Amino acid sequence: MIDIRLLREDPERVRVSQRARGEDVGVVDAVLDADARHRSSLSDYETLRAAQKSFGKKVAAAQGEEKQALLAEVKDTAARVKELEAAKDAAAEERESLLRTIGNVIIDGVPSGGEDDFALIETIGEPRDFAAEGFEPLDHLALGERLGAIDMARGAKVSGSRFYYLTGPGARLETALMNLALDRARDAGFVQLQVPTLVTPQTMAGAGFLDAHADEVYRLEADDLYLTGTSEVALAGFHADEIIDLTQGPRRYTAMSTCYRREAGSYGKDTQGIIRVHQFQKVEMFIYARPEDAEAEHEALLKWERGMLDDLGLAYRVIDVAAGDLGGPAARKFDCEAWVPTQGRYRELTSTSNCTTYQARRLNTRERGESGTRTVATLNGTLATTRFLVAILETHQQADGSVTVPEVLRPYTGFDAITPA
RNA sequence: GGAGGCGUCGCCUAGUCUGGUCUAUGGCGCCCGCCUGCUAAGCGGGUUUGGGGCUACAACCCCAUCGAGGGUUCAAAUCCCUCCGCCUCCGCCA
C-alpha cells in the first residue's frame with residue numbers, strides 16, 4: 001500500500017507511476033475524493049463523541065432527579081454517535097479499498113510499458129557455441145533422464161503434471177546448489193531462518209500475493225491457510241506489527257523453502273521438464289532497510305545474485321523490468337536471465353525487488369527514528385532455485401553425454417561430473 | 001478431540017467480582033535535567049501506538065487504542081457473544 005500522505009502531497013507523482021504501469025490514473029483522484037470525505041466524516045464523529053464523553057462525566061457526578069434529567073437529555077446522542085461512526089468507517093473503508101488498488105510508485109529510471117519493454121542492463125558471458133564444438137546439445141530433460149537426475153514420469157504418476165522427482169545426482173545437485181547459496185548468504189551477513197510455508201490470509205495479503213497473484217496460490221480451504229509460492233511471504237511476515245531497530249544497519253534474512261505455485265493460466269507453456277513446476281526449492285534473501293538505504297541494498301542483492309551465476313559459469317543478462325511487469329509491491333525489479341542453449345533464449349533464474357515501504361506498510365513493520373516511528377523498506381531477491389539446474393545441465397553438458405559440475409558446487413556434490421548410468 | 005486458566009501502554013504489575021474523577025496504578029528499564037571532581041546513589045520530570053484539527057513537520061487540543069471483532073449501556077479494561085494466541089491437565093497420534 002502506498003502512503004496516503006504522498007498521494008495527498010504529490011498526486012502527480014502517483015499518476016505518472018500509474019501511467020508507466022499502464023494502470024488506471026483516475027483512481028488517484030478517486031482516492032483524494034474519498035480521503036476528503038473520510039476526514040470530514042471523521043471530524044463530525046469525533047466532535048460529537050467528545051461531547052458525549054464529557055456529558056457522561058456530568059452524568060456520573062449527578063444524583064437522583066438531576067441524573068434522570070441528564071440521561072433523558074443524552075438519550076439520542078448515543079444513536080447519533082453510532083451513525084456517525086458507521087459513516088466514518090464506511091468512508092475509511094472506501095478510501096482503503098481504492099488505495100489498495102494502486103501499485104507502488106516506481107523509482108525514477110524504471111522503463112514504462114509491459115513485459116517486452118524491459119531495459120537491458122548488461123549481458124554477461126557468451127552463450128556456448130555447440131555448433132563450433134560439433135555436437136547438438138540435449139535439453140535439460142533429456143539430459144536429466146539419461147543421467148538419472150530427473151524423473152518426470154513418476155512425478156506425474158504420484159502428483160500429476162508439473163510434478164517431478166529429482167533422483168540421485170539430480171537431487172544431490174539441487175542440495176549442493178542450495179547449500180552453496182546458504183553459505184554465501186551467511187558470509188554476507190544474512191541470518192538464516194527456517195520458515196512456515198503455510199500462512200494466514202492476513203500474511204499472504206500483507207506480502208501482496210492475494211491481488212494479482214491470487215489464482216496462482218494454493219489455498220487450504222479446510223484450514224483457511226495458504227501455501228506460499230516463495231519464502232518471501234514468511235520473511236516479510238516475520239516482523240509484521242513490530243517496531244524494529246535499524247540503527248545498527250539493515251536486517252538481512254535468508255531462508256530456503258519449498259515453493260508452491262498453481263501455474264494457473266500457463267497451460268501449454270513450458271510443459272517439458274522442470275522450468276515451470278508446481279513445487280520447487282528456493283533460497284531467498286530478504287532485507288529490512290531504512291527507506292534511504294533501499295536502493296543501495298537493492299544493488300547489493302543484485303550483486304549477490306550475479307555472484308552465483310558468474311561462479312556457476314552461466315551466460316546471462318540482467319534486465320530492469322518494465323513498470324507494467326513489476327507487480328503491485330515492487331518499485332523496481334531486476335531479473336537475471338540465464339541462457340538456455342536448447343531454447344536459444346534467456347530465461348529468468350533470479351529476481352530481486354525493491355518494495356520500498358509498500359509491503360511493510362501493509363504488514364505494519366516500522367522502525368524507531370529520531371522523530372517517532374516510520375515504515376521501513378523491504379527488499380527481496382533469489383539466490384538459488386531448482387530452475388538453475390536447467391541452465392547448469394544444459395550449459396555444462398559434454399559431447400559424451402556427461403555434465404561437468406561447476407567447480408564451486410563440487411565441495412557440496414562430492415562429484416565432479418554426472419555421467420550416464 | 002475434551003476440560004480449565006490466562007492475555008493491561010518495552011518488561012513485570014494494580015485495576016475486572018461490585019461499569020462512572022481510570023484522564024489506566026506501581027516497579028524495572030530507558031531518556032532529559034538537578035546534584036556531583038568522575039561514576040554510583042539521591043531528587044525532579046518524561047516515556048504505548050495510530051489518526052485528525054491547528055500549524056513552523058513545534059507547542060497545544062481532540063478521537064481511537066487494555067489480544068481482535070461484535071453487542072449491552074447515557075457510560076465498558078470492567079458485563080455478554082464470537083474468534084485468535086499462550087499455558088496446564090486428560091485423550092489420541094507420532
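In this text the structure is predicted, and so the values were computed from the model without any measurement. Below, chains carry the letters A, B, ... as their sequence lines are ordered, and counting in each starts from 1.
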Nucleotide by nucleotide, 5' to 3', does protein get under 4.0 Å of the base (B), only the sugar-phosphate (S), or neither (-) in nucleotides 66-79 of chain B, counting heavy atoms? ------S-BSS---

Please determine whether a side-chain nitrogen of the Lys or Arg among A:R261 and A:E263 lies less than 4.0 Å from a carboxylate oxygen of the Asp or Glu. no

Which of residues 31-47 of chain A have a heavy atom under 4.0 Å from RNA chain B? A:R39, A:L42, A:Y45, A:E46

Pairing of A:E122 and A:R317 as salt bridge, 4.0 angstrom limit: no

Side chain to side chain donor-acceptor pair (under 3.5 Å) partners for A:Q194, two or more places apart: none

Find the distance A:K88:NZ to B:U65:C1' and express it as a whole number of Å. 11 Å

Which whole-number value in Å describes the distance from A:N364 CG to B:U65 P? 17 Å

Between A:R95 (CZ) and B:G50 (P), how many Å, whole number? 15 Å

Should we count CG of A:D108 as having more than 12 external heavy atoms under 6.0 Å? no

Report each atom pair, protein N/O against N/O of nucleotides 58-61 of chain B, whose distance is under 3.5 angstrom.
none

Could you pull out every donor-acceptor pair under 3.5 Å between side chains of residues 171-189 of chain A and any protein atom, sequence neighbours left out?
unit_1 : atom_1 : unit_2 : atom_2 : d
A:R172 : NE     : A:T413 : O      : 3.1
A:R172 : NH2    : A:Y412 : O      : 3.3
A:E174 : OE2    : A:T386 : OG1    : 2.5
A:T175 : OG1    : A:A171 : O      : 3.0
A:N179 : ND2    : A:T175 : O      : 3.3
A:D183 : OD2    : A:Y412 : OH     : 2.6
A:R184 : NH1    : A:G307 : O      : 3.3
A:R184 : NH1    : A:D311 : OD2    : 2.9
A:R184 : NH2    : A:D311 : OD2    : 2.7

I need the full list of ring-ring contact (aromatic ring centres under 6.0 Å, His included) pairs touching residues 160-203 of chain A, with sequence neighbours left out, sorted by first then second residue. A:F163-A:H278, A:F190-A:W304

Do A:D325 and A:K333 meet the salt-bridge criterion of a basic N to acidic O distance under 4.0 Å? no

Report yes if some heavy atom in the side chain of A:R366 is under 4.5 Å from a heavy atom in the side chain of A:R374; otherwise report no. no

Enumerate the ring-ring contact (aromatic ring centres under 6.0 Å, His included) contacts for residues 11-42 of chain A, please, sequence neighbours excluded, ordered by first and then second residue. none

May I ask you to list the residues of residues 1-13 of chain A, by number, that have any heavy atom positioned under 4.0 Å from an atom of RNA chain B? A:R5, A:R8

Which pairs would a plain distance check flag for residues 81-94 of chain A, meaning a side-chain donor or acceptor within less than 3.5 Å of a matching protein atom at least two apart in sequence or in another chain?
unit_1 : atom_1 : unit_2 : atom_2 : d
A:E83  : OE1    : A:R80  : NH1    : 2.9
A:E94  : OE1    : A:R37  : NH1    : 3.1
A:E94  : OE2    : A:R37  : NH2    : 3.3

Think A:K53 has a side-chain N or O under 4.0 angstrom from the OP1 or OP2 of B:A64? yes

Salt-bridge test for A:R332 and A:D320: reply yes if a basic N is under 4.0 Å from a carboxylate O, no otherwise. yes

Taking pairing as Watson-Crick or G-U wobble with both contacts under 3.5 Å, can you name the mate of B:C34, or confirm there isn't one? B:G42

When you check the gap from the basic side-chain N to the acidic O, do A:R252 and A:E297 get nearer than 4.0 Å? yes

Contacts under 3.5 Å, N or O only, protein and nucleotides 80-87 of chain B:
none

Is atom CD of A:Q272 surrounded by more than 12 heavy atoms (other residues, nucleotides or ligands) closer than 6.0 Å? no

By nearest-nucleotide position on RNA chain B, the 5'-leaning member of A:R374 and A:S54 is A:R374

With both distances under 3.5 Å as the test, what is the Watson-Crick or G-U wobble partner of B:U88? B:A3

Pair up each side-chain donor or acceptor in residues 112-119 of chain A with any protein partner under 3.5 Å, not counting sequence neighbours, and list the distances.
unit_1 : atom_1 : unit_2 : atom_2 : d
A:D117 : OD2    : A:G114 : N      : 2.7

Is it true that A:R347 and A:D270 make a salt bridge, defined as a side-chain N closer than 4.0 Å to a carboxylate O? yes

Who passes side chain to side chain donor-acceptor pair (under 3.5 Å) against A:Q192, sequence neighbours left out? none

Partner of B:C93 by Watson-Crick or G-U wobble geometry, both contacts under 3.5 Å, or none? none

B:U49 phosphate, OP1 or OP2: any side-chain N/O from A:R368 under 4.0 angstrom? yes

